[in-house]
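Worksheet for the structure shown next.
Here is how names work: the chains are called A, B, and so on, in the same order as the sequence lines, proteins then strands, and each is numbered from 1. No experiment lies behind these values; they were computed from the predicted model shown.
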Amino acid sequence: MTIVAQAILNGIMTGMLIAIPALGLTAIFAVLRYVNFAIGAYATVGAFAAWYVNTRFGLGVFPSALVAFVAGGAVGLIAEQTALARLRPSGALAVAIASIAVNLILENVIRFIFGNDLQGFDLPIARDWRFAGLRFGPQQLQTAAIAIAIMAAVFLFLRFARFGKAMRAVADNPDLGRLFGMDPARIAMITVVLGAGLAGVGGVLLGLDTAIDPMTGSRLLLSIFAAAVLGGLGSIPGAVLGAVMIGIGEELAVLVLPATYRSAVGFATILLILSLRPAGILGERNT
Amino acid sequence: MLSYLIFTLTLGGIYALLALSLNLIWGGVGMVNLGLAGFFAVGAYASALVAIAGVPLPLAMLLACLIGAAAGILATFATIRLRGDYLAIVTLGFAEVVRMVALNERWLTRGSDGISGIPAPFRAELGVDGFNLFYLALVSVIVLAVFLTMRRLDLSPFGRVLKAIREDQELATFAGKSVTRFKMQTFALSAGIAGLAGALYGHFQTYISPDHFQPLITIYIFLAVTAGGVGRPVGALVGAYLVVFFLEATRFLGEIFTVLEPGQVAAIREILVGLALLCVLHLRPQGILPERIAPAPKPETSP
Amino acid sequence: MKSILQVRDLRRSFYGVKVLTGVNLDVIEGTITGLIGPNGAGKSTFFNCISGLYMPDSGSVMFDGVDVTRSRSQDRVAAGLVRTFQLARGFPKLTVFQHFMLYGQNHPGEGLLASLTGSAVGRRHEEELAEEALSTARRLRLTHVIDNPVTALSGGQKKLVEIGRALMAKPRLILLDEPMAGVNPTLMAEIAEHLKALNAEGVTICLIEHDMKLIGSLCDPVIVMAEGRKLTEGSFAEVVSDERVQEAYLGGRH
Amino acid sequence: MLKAEGLVAGYGAAEEILKGASIDVEAGEIVTIIGPNGAGKSTLLKAIAGLVPLKGGSVRMNGADLTRQDALGRSKAGLAFVMQEKNVFGAMSVAENLDIASFGNPSGMAARREAVYARYPVLADKRKALARTLSGGQRQLLAMGMSLMTEPKLLLLDEPTAGLSPKAAEELFMAIIELNRSGLPVLMVEQHALEALEISTRGYVIVTGRNAATGGGRELAADPEVRRLFLGG
Amino acid sequence: MSSFTFSRRGFMGGVAGLAATGLVPHAVMAQDGPIKIGALTPLTGSGGPYGPVMVKAIKAVAAEVNKAGGVLGRQIEIISEDDQTNPEAGVRAARKLVDVDRVSAILGTWASSVTTAVAPICWESGTMLATVSGADAITALPHQGYIIRTQPTTILQGRKFGEFAVEQGVKKLFFFSPQTPFADSQFTNITKAVKAAGGETKSLIYDDKKPSYRSEVDEMLAYGPDVIVLGGYAADTAVLLKDIFRAGYEGKKIAFAYSVNQKLIDSVPPEVVEGIFTIAPSPAESSSAYKRLVSLIDVQNPDPYTTQVYDQANLVIMAIAKAGAADGKSIRDAIRSVSQAEGGTVVDNAVDGLKLIAEGKSVNYQGASGPCDFTAAGDISDSQFRYEQVKGGKLKLLKIA
C-alpha cells in the first residue's frame, strides 16, 4: 500500500514538472489554434537563461525563474513574429510544421553558444523528508508549490483579468474581438509571451531537479504533448490534470512493468483516454 | 566521388519512397503521420528478421510491406476518431513505442546491438561496386513503379475520394463514402510503402538498430514533401532527392567555417535544415510543384 | 400514399437538454414536404438524426421499408437518402465537376484495387458518370464554372452545386436544409423550378425553410415542429391558420 | 450623421465588389440596404465598419473623417457593427460577453451592463449561461446588447434576422424599432427586404456594387419595379 | 581483394566521362596532398556531450605532428563529420569521408550502432576504423582487421566493476542502467564477481529520457543495496544521482568515468557526487601521455573517450610512418607494430614515435587511455584501470590496477 501511495506521490511530483510547459502549450493552442512543437526549445531557452544568471550573478530560484519567463517569452515572441505568424493563413498544420523547424533551430543555437555539456544550477540540494512511511522532497514540494501558484495565477488571469478575458474572447472568435477593440495580433503576441514564458519557467523547474543541456526540452516534448492532449488541448485545467495523470500512470507502471517502458505507458494512457473521449478529458467538444 | 553519388542517389530513392508514403496519407486524406520513422522501422526489422531466418529476399520485402500495412491498419483503428493535431501527436508516440520495443525486446530485435549481417541481394556475386550500382537500379525502379502507381491513384476515382475526405471528412460520409474504409486502406498502403522503404534500407545497409529510426528522419521527410508540394506525387519525389542533396551539401559548409568548433559547425548544419524548412513554408507554401486538380473531360458536343 | 420515410418516437438529448422529444412523422413518397417551426424546435437535429450525423437516443427511422435507425451515413446515401447542408458546404479544393463525380454511388472504380489496376468496369462507370456530371452541370447552368473550385463560386452557385451533387447520388428522398437561406428572390425562383422538375421525375423532397412564400408555393404537405416533436401537419393553408402554429412560429402578422 | 461616399472595396486581387456606392444616415433613422445576392451589401456594411480595407471613397461621421481609421478607430468614433453570424463569444457566459464588449472602454461597465439587462430581461435571466446555448433570437439580442456596451452612435446590422423563424424575426424587428426610438440610428442589410423596408425610414437598393435606387422605406417597398426585381413579387 | 581493385578501376574507367566533369579530382591528388584522416564523432544528439572534445584531441595530435614536419613528408588533415549519434546519419557521413575525402582512417565512432553501421563501409573500402564503442559484438564483425577498439570489452569492465565492489565489501549490489548494448553483459560479469564473493545483485534498466526517477530509486531502496553501480551516460546519470541523494541513500556508488566526469561533477551540487568511485581504463603508470593530452587540449580530467581518440590518432599516424604508406590497408597491417612491438622503445606520443621510426627503431606506444595493445580481433588485450573518487568536487586518483 505504501508503495502505491509513494508511487502516486512521485507521479504527482513528476506531473508538476511537465504541467507548466504543458500549460504553455495549451495556452498558445487555445488562442492561436496550432500545436507548437517549439515549446520544448522555449523550455530549454528558459532553463539556460536562468542557469546563466544563477551561476554568473548568483540569483536565487525565484529571480532566476523570472528571468527564464522573460527569456522564454522573448524568444517565443521573436520566433512567432519572424517565423510563425505569417504562416497562420496557410493553416494550423503549416504553423505546426514550422514550429518543428523553430525547435530544431533554437536547440542548435543553444548548442552553438553553450555547447553540449551538462550544466547545473548553483543551488543547494536537500534530502527528502519522511512522513508516515512516505518520502517527500522539499525541493519537489517547492517545485509543486511554484507550479500550483502559476496554475492558479494563469487560471485567475484568464477568468478575471481584462486581458485574460480578452485572450479567451480572441481564442473563441478573433474577428468579433477586433470589433470590440481587441487587437488579435496583440493578444496573440501576449499569449505567445505567456505560453513561451511558462515553458521557460517549466525548463527552470526541470533544470533545478536535474541538470540541463541543449536537449532538455526536446527530450520531454512527447510527455508535454501527452499531458496537454490527455487533458484536452486548449483547456488550462486539462493540461495540469493531464500532466498529473501521466505522471501517476508512469510511476505506477514502473511497479509492474520494466522501467524502460515508462514512456510507452504514457502513450498507451493517451490512446485509451482519447478512444473514450476523442477531445481529451476536459477538451471542448464541437457537437 | 562516384560511389558517393551512387550511394546518395540510392538513399535519395529510399527517402523518395518515404516521401511518397507520407504524401499519400497527408496529401491524400490529410492525416498527419509524424510516426513515419516507426513504420520505416517496422518494415526494416520485419524484412531483416525473416531474411536472416532464411526467407528469400523478394518474399521478405513483400512481408515487410504487409507487416508495415498491418501496423498501419492497427494505427488507423487506434486513431480513427482523432482530430488532426491529436493524430499527429499520437503517431509521434507510436514511432517512439516502436523504437522502445526494438530497444528492449532483445529476444526479437537484439536490442540496442541492432541486427547486423542482413543479407544483401547478389552482393557476393556482384562485388561491392557492382552491388551498389545494382541496388541503385533496384531502388530506382521500385521508386519509379511506386511513383507511377501513386500518380495513377492520385488521378483515379479513389484519389478523388481521398481528396474529398481530406477537405471535409464529415461531408464525405454524406457523399456516401465510407471514410473509415478509405482511411484504413490509405493508411495501410502508405505504411506498406514506408515498410518497403525500410526493407530496402535494411538490405542496403546490412545493419539496422533502434538508433536508426529517430524522429529526425520524419522531419526530413516532412521537409521533402513540403518542399516538393503536398498532394502531388511528383512533388514528393523531387522533394526527397532535393532534401538528400541538401543534407549532403551542408556537409561541405564545415570547410567554410574553419574557425568554429566542430560542435558549432554541426549546430549550424541543423540550423540550416530548420531554416530551409521555414524558407520553403514562407516562400513556396504550396511547394515547388503544387497540387493540381484535373479538369473535366471536354466532350465534343459541349457548346 | 406510401410513406418513404417513417419516423417513430425519435428522441435525442445533448448534455441533458432534450432536443427531440419523440418525433412521429411520415414523409409520403412523391411529395415535396415542408418542415417548419421556430428556432430550437429541433428541425436541424431531426435532419441530422435522419441522415446519420447523430444517432438518436431512442426511436426508429424506416427508409423505404428498411430500418436505418443505426445505419451509417454513407449507407443511407447509397440507399438513396441524401441531404444538403444549411450553409452551403463543399470540399474547398475540388472543382464543381469533381463534386458531381464524387456523389456517384456504388462506383466500382472507386475501390483501391480497381483504381490501381484501372479495371475496365471502373473506367466505363467513370465515363458514364462524367457524362452524367456534365449533363447535370448543363441542367443547372453551371457548365462555365465546371472546373472552378467551389470556393470561387458565388453563394447562389454554391447552392446549385449542392443540389446538383445531391442529384448525382440518384436520390429517392432529398433532405434540403434551408435551400433558400441567403438566396435572392430571382435565384430562389430558379431553384424552386429545379425542385419541382426533380419532384416530377419522382424524387421525394423534404425541406426545412423559413420563407413562407416558398413553403406556400412549393410544399404539400407542411409539417410543423415545435419543442422537439411534430406539432401539426396539413396543407399550407391549414397550418398557417392553426392558432398553435401562429403562437409558436409565425407571430402576429401572418 | 454618417456620410459614406463613393466606396470602392474588394477582397484581394479579384474584381472590386464595391464600385462607388454611397450611403447617408441621418440622426434617428432606420436605413435598410437591399439588393440581389452578390451585390455587395454586406461588403458595403463592412467597408463602413472598417472591416474591409477601402480602395476609394470616404467615410465621415458627424463631420469627422474616418476614412483612414481602422475598425477599432471607427468603433471608438461610435460605429457599432453586428455581424451576421458568430457575433457572440460562444464559450463565454452572457455576462462575460457583455463585459468583454466594453474592452476598449471599461469605465462605467457595470452600469451599462445593468442597462442592457433592463432592456433585455431575457439576457439578465441567462447571465450565467454560455452564449452558445442561447436560442437564435436571444443570441441576436446579446449581440446587440454587446454593441450597446460600446455606447454607439450608429448601429450597423448585417442580416440580423437570417435563420430566424418568422416569429423570432418579428420580435427582433420590434427590438430594433424600440432601440431606434430610444435615439439610436440603425443601418442594416436585410434579406427579408419587404418587412425591413416597412420599418425603415429610408432604403437603398444596391446592384453590382453601385447605388441603383433610393427612397423612403414604404415607398421603395411599394415600388413595382423594386418589388419585381428583389422582392419576389 | 585484387579482383575488387580491378573491378573498381574498370568501373572508374567506364565512367571516365563523369570523371572528366571534375567529379574525382581527389583521387588524382591523393598521392601528393595531405594525408586525410576522418573524425566521426557525435556532435549533436545524445552523444553530443562527448564528441566535440574528442575532435579537439584528434586535431591537437595532427597539429602537433604537422608542426614537427608531418608524416612521410606530408601534412595531416583531419576532416570532422557529425554522426548525430544516429547510424543513418553516421553512414551518410562515413560515405562522404570514404568516397569523397578518401580518408585512410576514421577515428572516434562512439555509439555502438554508429560503429556497427559504419564498419562494413570501412572494411569494404579498405579504411581503418578506430572506435570507442563498448558493444562486444563490434569486434566480432567480419572486419578483416580493419577495426581496433580502445574501449576494453564489457566482459573485462564488468569484471573490474564487480571486483572493485567486492573490495568495498559489497553484500548487495544494485545495477542501474539505461538500455545500452553492453548493459546486459556488464551486469552478468559484475554478478559473477560479486556472487563469487558471496554477495548478491539486482539490476534495473531505466528509460533515459525522464525528468525524474523517484520510483526507480524507491525500487532500489526497497532492495537495500550497499553498493550501487551506475551504467548510464552523463545526462541521465545526473538526474539519477540527484534522486538517489534525495532519497537518503548513504551507501557506496560506482560509475563509469565517462559519465561521472568533471562536467557532471561541476553541474550538480557537490554533496550529490561526493564519494562516488569512477572506473576507467588507464595506462600502467600515471602516464605521461595523459599529462601531455591535458596540456595539449587544456581540459582537466579529460574523459576516457577523449584519452582513447588521442591514442587512436597517435597510433594511426605512427602506423602510417611505419608502413611508409597512408592507405588503410597499410595502417591495418602496421598498427600492431607500433602499438605493441616487443622490445620496442616506449613512447607516449606520435612526434617522438615518428622520430624513432625514422631512425629505424621499433616503438611501443603507451597511451593516455592505457597500454594500447590489441588482440587479433581488435580488442584491447589487457588493460589496467584507473580508480578515482570524487572528493570535494574533484576526482582524486585512488589507484591504477
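- When each of C/His107, C/Met168, C/Arg76 is checked for heavy-atom pairs under 4.5 Å with chain B, C/His107 comes out on top.
- A distance of 9.0 Å separates NZ of B/Lys163 from NZ of C/Lys93, quoted to the nearest 0.5 Å.
- For C/Arg141, the CZ atom counts as loosely surrounded, since its 6.0 Å shell holds 12 or fewer non-hydrogen atoms of other residues, nucleotides or ligands.
- For C/Gln105 (side chain) and B/Ala175 (main-chain N/O), a donor-acceptor pair under 3.5 Å exists by modelled atom type.
- Counting heavy-atom pairs closer than 4.5 Å to chain B, the top residue among C/Leu129, C/Val77, C/Leu112 is C/Leu112.
- If you take CG on C/Leu81 and CZ on B/Phe174, they are separated by 9.5 Å, rounding to the nearest 0.5 Å.
- Residue C/Ala130 touches chain B through its side chain alone, counting heavy-atom pairs closer than 4.5 Å.
- Contacts of B/Leu162 with chain C are absent, with no heavy-atom separation under 4.5 Å from either backbone or side chain.
- Contact record, C/Gly104 with B/Lys177: O-NZ, 3.1 Å, taken as the closest heavy-atom pair.
- Within the 4.5 angstrom heavy-atom criterion, only side-chain atoms of C/Phe97, from C-beta onward, approach chain B.
- With chain C as partner, the option from B/Gly231, B/Gly159, B/Ala172 having the largest number of non-hydrogen pairs under 4.5 angstrom is B/Ala172.
- The environment of CZ in C/Arg139 is crowded: more than 12 heavy-atom neighbours from other residues, nucleotides or ligands sit within 6.0 Å.
- Of the atoms belonging to C/Arg165, it is side-chain heavy atoms, and not backbone ones, that fall under 4.5 Å from chain B.
- Proximity of B/Ser178 to C/Arg72: side-chain heavy atoms (C-beta onward) are separated by under 4.5 Å at one or more points.
- Under the 4.5 Å side-chain criterion, counting only non-hydrogen atoms from C-beta, B/Arg160 is in contact with C/Leu102.
- Proximity to chain C involves both the backbone and the side chain of B/Leu171, based on heavy atoms less than 4.5 angstrom apart.
- In terms of heavy-atom proximity, B/Leu153 sits nearest to C/Ser115 at CD1-CB, 3.8 Å.
- Contact annotation for C/Glu110: both backbone and side-chain heavy atoms come within less than 4.5 Å of a heavy atom of chain B.
- Taking both residues in full, the closest heavy atoms of C/Gly111 and B/Phe158 are given as C-CD1, 3.9 Å, listed atom of the first, atom of the second, then distance.
- In this structure a side-chain-to-backbone donor-acceptor pair under 3.5 Å is missing from B/Asp168 to C/Gly90.
- Of the two parts of C/Thr117, only the backbone, made up of N, CA, C and O, holds a non-hydrogen atom closer than 4.5 Å to a non-hydrogen atom of chain B.
- Between B/Thr173 and C/Leu53, the closest side-chain pair of non-hydrogen atoms is not below 4.5 Å.
- Per-residue heavy-atom pair counts under 4.5 Å with chain B were compared for C/Val82, C/Ile146, C/Leu116, and the maximum is reached by C/Leu116.
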